[in-house]
S.K.: 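This is the structure I have questions about; it appears just below.
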Amino acid sequence: MNRSKIAALLRSGEVGERVLVKGWVRTRRDSKGISFLEVNDGSSLKNLQVVLRNDLPAELHGELGTGCSVGITGELVASPGSGQRIELAAHAVELFGAADPSSYPLQKKGHSFEFLRTIPHLRMRTNSLGAVFRIRSVAAAAIHRFFQERGFHYIHTPIITASDCEGAGAMFQVTTLDLARVPTIEGKVDFARDFFGKSANLTVSGQLEAEAFACALSDVYTFGPTFRAENSNTPRHLAEFWMIEPEMAFYDLTDTMDLAESFLKSVVAEVLETCPDDVDFLDKWIDKALRQSLELVRGETFVRMSYEEAVKILLASGRTFEYPVGWGHDLQAEHERFLTEEHCKKPLILSGYPQELTAFYMRLNDDGRTVRAMDVLVPRIGEIIGGSQREERLDVLRERIIARGMPLEAYESYLDLRRFGTVPHSGFGLGFERLIMFLTGMLNIRDVVPYPRTPKSL
Ligand code: 4AD
Ligand code: MG
């Protein structure tokens, strides 16, 4: 007999159907010679209730407990209990593997997320982490669908690179040099003797390569891992995270904001439609305002505001913030969250940041002070997307690279895009884990990525 997935049975299994299910026992309860098993196979949040009447074989009696893996054949029957339409009356049980109750860590219900982080290989067996990772998968598929349906091409940009896209220097070095005996030349590391013959690092963003592809294929996107060696031990920073970066030729900043807004709406809508049980569970147990905030993104038009206005609002708010507020100061999470959660009570797109706060590639406005950059802020998270129109003018771009003391020769191919058929173009980056935090109500980014990598923790 073929195995049935529990999600499909709960959705459309019919009374009288003979089925085989395989999964893990979440709980077992014995009452009056009958055993009730809650079996979960990861296909859905909901378990299938399995009823074993009288005839539980003696050798299984001690083994059939929380965490063990089983195959069960039987017949679907109408469930007298509330909460489920059907249950499985078992005819035969096969035990694949027992889980010793004295050492299996997921015995009791209600573990803290901190504890679950110490068992990343087991934590997805819990309801909340299972829900998170199903939503993560659906969101990834929704992202691809959004771009593919609009004629965007998926580009696999390199993970090992020699360029520093953000110019922020927070990069992990990649080397095969012997760290105990690093070769030097004139007092500096001799990278000529390294694997690539030059200094290499893990990418902080696929943007520069995506720009090259947009200047040929028009509309492209990346979806891959990125790495930042920022020493930020916060609930919203990872050293390894996934980023989605669309890059569009002939788009200005307004076109890009429009795209970012419809993109977020579309992904949120697909998750709401595809994962109603997981969203309900997280709404009940993790964040009681989850569904409401997802509906807000799906339904409401995002507010658009300049950085200058945002600074004025913060100054007039009467709040005391930890970090300084004023023209020329970067907005911190506390400021972003005030603006989106309390002031606007909606998603918010900020634009027109001061030139000196931003990356070298952002298009300079005619005022000479601000650039065509934008961030999308959402309640609970703050910045979820950062993007910009790119500087397409060769002379302006070259001057900005020089002014920042960056090595011009490292950016020659990037400058070539401005030498040969340059076009106005724009793009943005969505932090995938920030999106999953928003979609699930989870408060710590470590709990929405399979194996979190953060400072002093691997
Ligand atoms: O704002 P960022 O640094 O922008 C870029 O990297 C651009 N190259 C994007 C582009 O225009 N193509 O990062 C983009 C997003 C942020 O808004 C945030 O959601 C996420 O990436 N992000 C992080 N997520 C988790 N951990 C970190 N350390 C992150 N740093 C950025
Ligand atoms: Mg940013």
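By convention here, the first residue in the shown sequence is residue 1. The shown structure was predicted, so the numbers you read here are calculated from the model rather than taken from an experiment. Note that ligands are numbered from 1 as they come in the structure, with each ligand's atoms numbered from 1 the same way.
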S.K.: Are Arg150 and Phe146 in a cation-pi contact, defined as NZ or CZ under 6.0 Å from the six-membered ring centre and within 45° of the axis?
M.R.: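 Relative to the ring axis of Phe146, which defines the angle, Arg150 lies inside both limits.
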S.K.: Side chains of Glu322 and Glu334: does their closest heavy-atom pair fall under 4.5 Å?
M.R.: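 Touching, per the 4.5 Å side-chain cut-off.
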S.K.: Can you check the number of protein N/O/S atoms within less than 2.8 Å of the Mg ion (ligand 2)?
M.R.: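 Near the Mg ion (ligand 2), the number of protein N, O or S atoms below 2.8 Å is 1.
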S.K.: As an exercise, state the distance from CD1 of Ile135 to OG1 of Thr440, rounded to the nearest 0.5 Å.
M.R.: 6.5 Å
S.K.: Distance from Thr66 atom OG1 to Glu38 atom CD, nearest 0.5 Å?
M.R.: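 Answer for the OG1-CD pair, Thr66 versus Glu38, is 10.5 Å.
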S.K.: Calculate, to the nearest 0.5 Å, the distance between atoms CE and CG belonging to Met257 and Asp252 respectively.
M.R.: 8.5 Å
S.K.: Give a table of atom pairs where an N or O of ligand 1 lies under 3.5 Å from a protein N or O.
M.R.:
residue: ligand 1; atom: 1 (O); partner: Glu383; partner atom: OE2; Å: 3.1
residue: ligand 1; atom: 3 (O); partner: Arg228; partner atom: NH1; Å: 2.8
residue: ligand 1; atom: 3 (O); partner: Arg228; partner atom: NH2; Å: 3.3
residue: ligand 1; atom: 6 (O); partner: Glu166; partner atom: OE2; Å: 3.4
residue: ligand 1; atom: 6 (O); partner: Arg228; partner atom: NH2; Å: 2.8
residue: ligand 1; atom: 8 (N); partner: Glu166; partner atom: OE2; Å: 2.7
residue: ligand 1; atom: 8 (N); partner: Ser205; partner atom: OG; Å: 3.0
residue: ligand 1; atom: 8 (N); partner: Gln207; partner atom: OE1; Å: 2.7
residue: ligand 1; atom: 8 (N); partner: Glu245; partner atom: OE2; Å: 3.2
residue: ligand 1; atom: 11 (O); partner: Gln207; partner atom: OE1; Å: 3.4
residue: ligand 1; atom: 11 (O); partner: Arg390; partner atom: NH1; Å: 3.2
residue: ligand 1; atom: 11 (O); partner: Arg390; partner atom: NH2; Å: 2.9
residue: ligand 1; atom: 12 (N); partner: Glu245; partner atom: OE2; Å: 2.6
residue: ligand 1; atom: 12 (N); partner: Arg390; partner atom: NH2; Å: 3.4
residue: ligand 1; atom: 12 (N); partner: Phe428; partner atom: O; Å: 3.4
residue: ligand 1; atom: 17 (O); partner: Glu383; partner atom: OE2; Å: 2.6
residue: ligand 1; atom: 17 (O); partner: Ile384; partner atom: O; Å: 3.4
residue: ligand 1; atom: 17 (O); partner: Gly386; partner atom: N; Å: 3.4
residue: ligand 1; atom: 19 (O); partner: Ile384; partner atom: O; Å: 2.9
residue: ligand 1; atom: 19 (O); partner: Gly431; partner atom: N; Å: 3.3
residue: ligand 1; atom: 26 (N); partner: Leu238; partner atom: N; Å: 2.9
residue: ligand 1; atom: 28 (N); partner: Glu230; partner atom: OE1; Å: 3.1
residue: ligand 1; atom: 28 (N); partner: Leu238; partner atom: O; Å: 3.0

S.K.: Parallel, tilted or perpendicular for Tyr411 and Tyr414, by the 30°/60° rule?
M.R.: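 Judged by the thresholds at 30° and 60°, the geometry between Tyr411 and Tyr414 is perpendicular.
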S.K.: List in chain and number order the residues that pass side-chain contact (heavy atoms from CB on, under 4.5 Å) with Glu149, two or more places apart in sequence or in another chain; answer none if no residue qualifies.
M.R.: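 So Glu149 forms a side-chain contact (heavy atoms from CB on, under 4.5 Å) with Arg145.
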S.K.: Return the set of residues passing ring pair (Phe, Tyr, Trp, His ring centres under 6.0 Å) with Tyr221 (not counting sequence neighbours), or none when no residue passes.
M.R.: His144, Phe147, Tyr154
S.K.: Taking the six-membered ring for Trp, are Tyr353 and Tyr307 parallel (under 30°), tilted (30 to 60°) or perpendicular (over 60°)?
M.R.: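 It falls in the tilted class, 30° to 60°.
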